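Below is one structure, written out as structure tokens; comments come after it.
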Amino acid sequence: FANLDTDPRWNDAKLGYNVLSPGCLKAPICVASTSHRTGFKNMEGDWVQYLFAGEEAGQWSPFSSIGPTLDGRNKPDVSAPGRCIVSAYSSYYLEENPTATSYDVAHFDVNGRTYPWRVDSGTSMSTPVVAGIIALWLQAKPDLTRDDIMGVIQRTCHHPQEDLDYPNNKYGYGEIDAYRGLLDIL
């Protein structure tokens, strides 16, 4: 993969080949985003519609990268909710952006600082979901290897679109299922 930046297929505007490093490498578990919540009520009481036109709840998020990798492997490996997720933000973000509150759902004061909880989207939201679930599985069985974890994912994922073959280059093996995975391990 020495030529990741120079291979013209990265920039050919085709659908696919857009899972970048490190997700395109073999060892990392690459995570896609799915959309579940269609919108939210912000702290001003306004309903904010949060899906793209044509986007369906419970399905792959259109901003989420898809495979295959340049060498033809399916990526991502797994998917998780990553659209319209409520997350904690730094008090410094609010301090620097005091009027950017339309995506805020609440503010909390702690030790003289105001911390926003706001809605965000991306694989930066879905990846911590997968990491937390894997941490739960490792708590139950600390000697799991990466291959063991991938086996659990393969056996227990939910398939958001039943008409697709799994694994595929949108969902990987499907949407992670913490409970089914835990039962599989135990």
Side-chain angles (χ1 to χ4, degrees), residues 18-25 27-66 75-142 144 146 149 152-153 156-158 160 170-172 174-183 185-186:
N18 64 352
V19 174
L20 303 176
S21 181
C24 65
L25 303 176
I29 296 174
C30 181
V31 180
S33 170
T34 55
S35 304
H36 288 274
R37 193 176 294 133
T38 60
F40 64 96
K41 190 178 280 193
N42 68 17
M43 60 186 276
E44 283 101 29
D46 299 326
W47 177 257
V48 179
Q49 185 68 28
Y50 207 73
L51 297 181
F52 295 129
E55 187 175 358
E56 293 182 47
Q59 305 288 309
W60 172 77
S61 303
F63 57 77
S64 193
S65 295
I66 62 171
K75 282 287 182 166
D77 298 300
V78 67
S79 57
R83 182 82 156 128
C84 198
I85 305 297
V86 177
S87 180
Y89 263 64
S90 167
S91 63
Y92 294 101
Y93 176 84
L94 185 60
E95 190 174 280
E96 292 296 317
N97 303 281
T99 61
T101 58
S102 60
Y103 289 97
D104 292 2
V105 295
H107 288 171
F108 296 95
D109 292 322
V110 178
N111 295 331
R113 303 224 27 106
T114 302
Y115 294 84
W117 284 78
R118 61 186 340 227
V119 170
D120 210 342
S121 290
T123 55
S124 297
M125 299 287 112
S126 54
T127 299
V129 171
V130 172
I133 290 169
I134 292 172
L136 171 73
W137 295 347
L138 287 167
Q139 224 176 0
K141 190 168 179 9
L144 290 174
R146 183 212 182 271
I149 291 166
V152 173
I153 287 171
T156 64
C157 276
H158 161 72
K170 282 175 100 173
Y171 296 99
E175 193 170 60
I176 197 164
D177 186 320
Y179 182 68
R180 284 185 64 198
L182 192 58
L183 292 178
I185 290 165
L186 297 176

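None of the values given here were measured: they were computed from a predicted structure.
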Rounded at 0.5 Å granularity, tell me how far [atom1] in [X] sits from [atom2] in [Y].
X: Asp120; Y: Ile85; atom1: CG; atom2: CD1; value: 9.5 Å
X: Thr114; Y: Leu94; atom1: OG1; atom2: CG; value: 6.5 Å
X: Thr156; Y: Leu183; atom1: OG1; atom2: CG; value: 9.5 Å

Could you walk me through whether Leu138 and Leu144 satisfy the side chain to side chain contact (heavy atoms under 4.5 Å, CB included) test, starting with their C-alpha distance in whole Å, then the side-chain angles of each, then the deciding distance to 0.1 Å, before giving a yes or no? CA-CA 6 Å; Leu138 287 167; Leu144 290 174; 3.7 Å; yes
Within 45° of the ring axis of Tyr92 and under 6.0 Å from its six-membered ring centre, is that where the NZ or CZ of Arg113 lies?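 Judged by the rule (NZ or CZ under 6.0 Å from the ring centre, within 45° of its axis), Arg113 counts as positioned above Tyr92.
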Do [X] and [Y] come close enough that some side-chain heavy atom pair is under 4.5 Å?
X: Ile29; Y: Ile149; value: yes
X: Cys30; Y: Asp77; value: yes
X: Ser102; Y: Val48; value: no
X: Cys84; Y: Phe40; value: yes
X: His107; Y: Pro116; value: yes
X: Lys41; Y: Val105; value: no
X: Leu182; Y: Trp137; value: yes
X: Ser33; Y: Phe63; value: yes

Short side-chain to backbone donor-acceptor contact, [X] and [Y], under 3.5 Å:
X: Gln59; Y: Ser35; result: no
X: Asn97; Y: Ala100; result: no
X: Tyr171; Y: Trp60; result: yes
X: Ser79; Y: Gly174; result: yes
X: Asn42; Y: Tyr103; result: no

Quick one: closest heavy-atom pair of [X] and [Y], and the distance?
X: Ala32; Y: Ser64; answer: CA-OG, 3.4 Å
X: Pro98; Y: Thr101; answer: O-CG2, 3.6 Å
X: Pro76; Y: Ser65; answer: CD-O, 4.2 Å
X: Asp104; Y: Arg118; answer: OD1-NE, 2.7 Å
X: Ser90; Y: Tyr115; answer: C-CD2, 4.4 Å
X: Val119; Y: Tyr50; answer: CG1-CZ, 3.9 Å

side-chain contact (heavy atoms from CB on, under 4.5 Å) partners for Pro28, two or more places apart: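 Pro22, Leu25.
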Mind running side chain to side chain contact (heavy atoms under 4.5 Å, CB included) on Thr38 and Trp47 for me, showing each step along the way? CA-CA 10 Å; Thr38 60; Trp47 177 257; 4.1 Å; yes
Checking Thr34 against Arg83 for the side chain to side chain contact (heavy atoms under 4.5 Å, CB included) test, could you report, in this order, the C-alpha distance in whole Å, the side-chain angles of both residues, the deciding distance, and whether it holds? CA-CA 6 Å; Thr34 55; Arg83 182 82 156 128; over 6 Å; no
Counting only heavy atoms not in Gln139, do more than 12 fall under 6.0 Å of its CD?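 Incorrect, the count does not exceed 12.
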With side chain to side chain contact (heavy atoms under 4.5 Å, CB included) as the criterion, how do Met125 and Ser87 come out once you've worked through the C-alpha distance, each side chain's angles and the decisive distance to 0.1 Å? CA-CA 8 Å; Met125 299 287 112; Ser87 180; 4.0 Å; yes
